[in-house]
2 protein chains.
Amino acid sequence: MSEIKQSSTNFANKLALSDECPEVYASHIIGGQWTLVICSWLLNGKLRFGELSKKIPGITERMLTLQLRKLEEHKIISRTVYAEVPPRVEYELTEIGYALKSVIMELEVWGKSHKDLIDPSV
Amino acid sequence: MSEIKQSSTNFANKLALSDECPEVYASHIIGGQWTLVICSWLLNGKLRFGELSKKIPGITERMLTLQLRKLEEHKIISRTVYAEVPPRVEYELTEIGYALKSVIMELEVWGKSHKDLIDPSV
DNA sequence: TTAGGTACTATAAATAATGTAAGTAATGAG
DNA sequence: CTCATTACTTACATTATTTATAGTACCTAA
């Protein structure tokens with residue numbers, strides 16, 4: 001997060017991969033540490049900054065801000081500011097953001113079966 | 001890759017998230033920079049180290065090794081060594097590894113539509 | 001004896017992502 | 001005037017991931 005050096009080999013690699021494989025492209029977009037949690041919560045409806053912050057224990061305000069900004073950049077969520085004091089800002093999935101639902105559900109299914117395989121005790 | 005400090009907040013966060021949300025758990029496993037490309041190639045059948053290396057331009061041998069080890073650890077691929085000279089090692093998806101197919105396909109679908117949305121010129 | 005192929009390993013350095021802690025603006029309530 | 005509330009921002013520190021470069025073991029074939 002925060003910085004990407006467009007001259008790095010790393011950047012070039014990511015670009016090349018994303019260019020060829022849509023699935024890698026997708027994973028680079030939603031692969032952030034907190035991205036999926038945020039989207040999962042938003043699947044249930046719009047939420048304010050503070051609500052997200054409470055629902056996601058462990059995330060710092062800085063990280064939440066950064067991730068939300070990134071998601072907004074990628075048109076996955078929309079941000080609505082209400083001119084009130086104290087301020088109110090609501091985040092909501094866009095159409096393409098909402099379309100992540102099937103991806104998330106597949107990940108969920110796979111994740112569960114993988115977990116069962118690795119740790120059958122549960 | 002390579003090192004994880006089990007005392008860091010970051011580590012704790014990942015653990016907690018993975019614990020609660022199977023989809024986050026899954027994305028932490030397959031979210032590596034090269035993971036999905038490797039799996040995608042292996043969906044078509046077993047491949048040798050050198051073959052993967054050729055099919056994935058840009059990846060260094062070190063990275064390929066690390067990713068393959070990680071995938072093996074997670075039981076997503078299996079590794080078969082043939083006692084020959086020069087050596088031959090084959091990698092193949094396990095059952096749960098092959099089950100990633102539906103995840104990958106959903107990612108692919110979403111990735112394509114997202115790309116179209118962002119850059120409709122193509 | 002030397003060169004060559006295969007699948008790695010070792011070490012160091014560069015990049016990127018995340019965390020910590022403090023501070024800001026606006027304004028209405030008291 | 002002071003405090004509380006909300007959604008951030010900023011500067012800096014730490015941790016994690018990725019790249020670069022070189023080298024290893026093994027046997028075989030020339």
Side-chain angles (χ1 to χ4, degrees), chain A residues 1-17 24 27-35 37-38 46-72 77 79-91, chain B residues 1-17 24 27-35 37-38 46-72 77 79-91:
Chain A
M1 218 78 220
S2 46
E3 287 164 67
I4 294 187
K5 201 173 256 185
Q6 303 204 353
S7 56
S8 68
T9 311
N10 194 286
F11 179 77
N13 279 335
K14 279 191 181 161
L15 208 65
L17 281 172
V24 177
S27 91
H28 286 166
I29 290 184
I30 61 165
Q33 174 151 204
W34 304 96
T35 314
V37 211
I38 295 173
K46 55 176 71 167
L47 286 173
R48 300 177 57 177
F49 185 89
E51 292 173 323
L52 278 169
S53 182
K54 268 169 220 149
K55 284 178 184 300
I56 308 175
I59 199 170
T60 59
E61 296 193 330
R62 174 181 143 80
M63 268 301 116
L64 184 52
T65 304
L66 286 174
Q67 300 280 344
L68 288 171
R69 290 280 182 285
K70 187 183 162 193
L71 287 170
E72 202 192 344
I77 62 176
R79 180 169 177 266
T80 312
V81 184
Y82 295 88
E84 307 172 355
V85 166
R88 181 158 63 100
V89 180
E90 284 183 348
Y91 294 94
Chain B
M1 220 78 221
S2 45
E3 286 163 68
I4 295 185
K5 197 173 261 184
Q6 304 204 352
S7 56
S8 68
T9 310
N10 193 286
F11 178 77
N13 280 335
K14 278 190 182 164
L15 209 63
L17 282 172
V24 178
S27 92
H28 286 166
I29 290 184
I30 62 165
Q33 173 148 208
W34 305 95
T35 314
V37 211
I38 295 173
K46 54 176 70 165
L47 286 173
R48 301 178 56 178
F49 184 89
E51 292 174 322
L52 279 169
S53 183
K54 268 169 220 148
K55 284 179 184 301
I56 308 176
I59 198 171
T60 59
E61 297 193 329
R62 175 178 145 80
M63 267 301 116
L64 184 52
T65 303
L66 285 175
Q67 301 279 345
L68 289 171
R69 289 281 183 284
K70 187 182 162 195
L71 287 170
E72 203 193 342
I77 60 175
R79 179 169 178 267
T80 313
V81 184
Y82 295 87
E84 307 172 353
V85 167
R88 181 157 64 99
V89 181
E90 285 183 347
Y91 294 94

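Because only heavy atoms are used, hydrogens play no part in the values below, and waters and symmetry mates are left out as well, while side chains stay in.
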Provide, to the nearest angstrom, the distance between the [atom1] atom belonging to [X] and the [atom2] atom belonging to [N].
X     : N      : atom1 : atom2 : result
B/E84 : D/dC26 : CD    : P     : 17 Å
A/L68 : D/dT6  : CG    : C1'   : 14 Å
B/Y82 : D/dC26 : OH    : C1'   : 19 Å
A/L47 : D/dA7  : CG    : P     : 11 Å
B/L66 : C/dA12 : CG    : P     : 16 Å
A/K5  : D/dT18 : NZ    : P     : 17 Å
A/L15 : C/dA16 : CG    : P     : 13 Å

How long is the gap from [atom1] on [X] to [atom2] on [Y], to the nearest 0.5 Å?
X     : Y     : atom1 : atom2 : result
B/I77 : B/Q67 : CD1   : CD    : 10.0 Å
A/Q33 : B/S27 : CD    : OG    : 9.0 Å
B/K54 : B/F49 : NZ    : CZ    : 11.5 Å
A/N10 : A/K5  : CG    : NZ    : 11.5 Å

Query raised in the report: Does a side-chain N or O from B/Q67 land closer than 4.0 Å to OP1 or OP2 of D/dT18, or not?
Result: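 For D/dT18, OP1/OP2 do have a side-chain N/O of B/Q67 under 4.0 Å.
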
Query - N or O in side chain of B/K70 less than 4.0 angstrom from D/dT18 OP1/OP2 - result: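 Looking at the OP1 and OP2 atoms of D/dT18, neither is under 4.0 Å from any side-chain N or O of B/K70.
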
Query raised in the report: Around atom CD of A/E84, are there more than 12 heavy atoms of other residues, nucleotides or ligands at under 6.0 Å?
Result: yes

**Report entry** Minimum-distance pair of heavy atoms, taken over all atoms of A/H28 and A/K70
**Finding:**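 It is O-NZ, 3.9 Å.
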
Query raised in the report: If you take all heavy atoms of B/E72 and B/R79, which pair is closest and at what distance?
Result: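 Smallest interatomic distance, heavy atoms only, reads OE1-CD, 3.5 Å.
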
Requested in this report: Kindly write out the residues that satisfy salt bridge (charged side-chain N to carboxylate O under 4.0 Å, His left out) with A/E90, not counting sequence neighbours, or none if the list is empty.
Outcome: A/K46, A/R88

What pairs of nitrogen or oxygen atoms, one from the protein and one from nucleotides 19-21 of chain C, lie under 3.5 Å apart?
residue, atom, partner, partner atom, Å
C/dG19, OP1, B/N13, ND2, 2.4
C/dG19, N7, A/R62, NE, 3.2
C/dG19, O6, A/R62, NE, 2.7
C/dG19, O6, A/R62, NH2, 2.9
C/dT20, OP1, B/T9, OG1, 2.8

Close N or O pairs between protein and nucleotides 2-7 of chain C (under 3.5 Å):
residue, atom, partner, partner atom, Å
C/dT6, O3', B/R48, NH2, 3.1
C/dT6, O3', B/P87, O, 2.9
C/dA7, OP1, B/R48, NE, 3.0
C/dA7, OP1, B/R48, NH2, 3.0
C/dA7, OP2, B/G50, N, 3.0

Query - Option passing side chain to side chain contact (heavy atoms under 4.5 Å, CB included) with A/Y91 (candidates A/I38, A/L47, A/L68) - result: A/L68

Query raised in the report: Counting side-chain heavy atoms from CB outward, which of D/dT18, C/dA17, D/dA16 is closest to B/S8?
Result: D/dA16

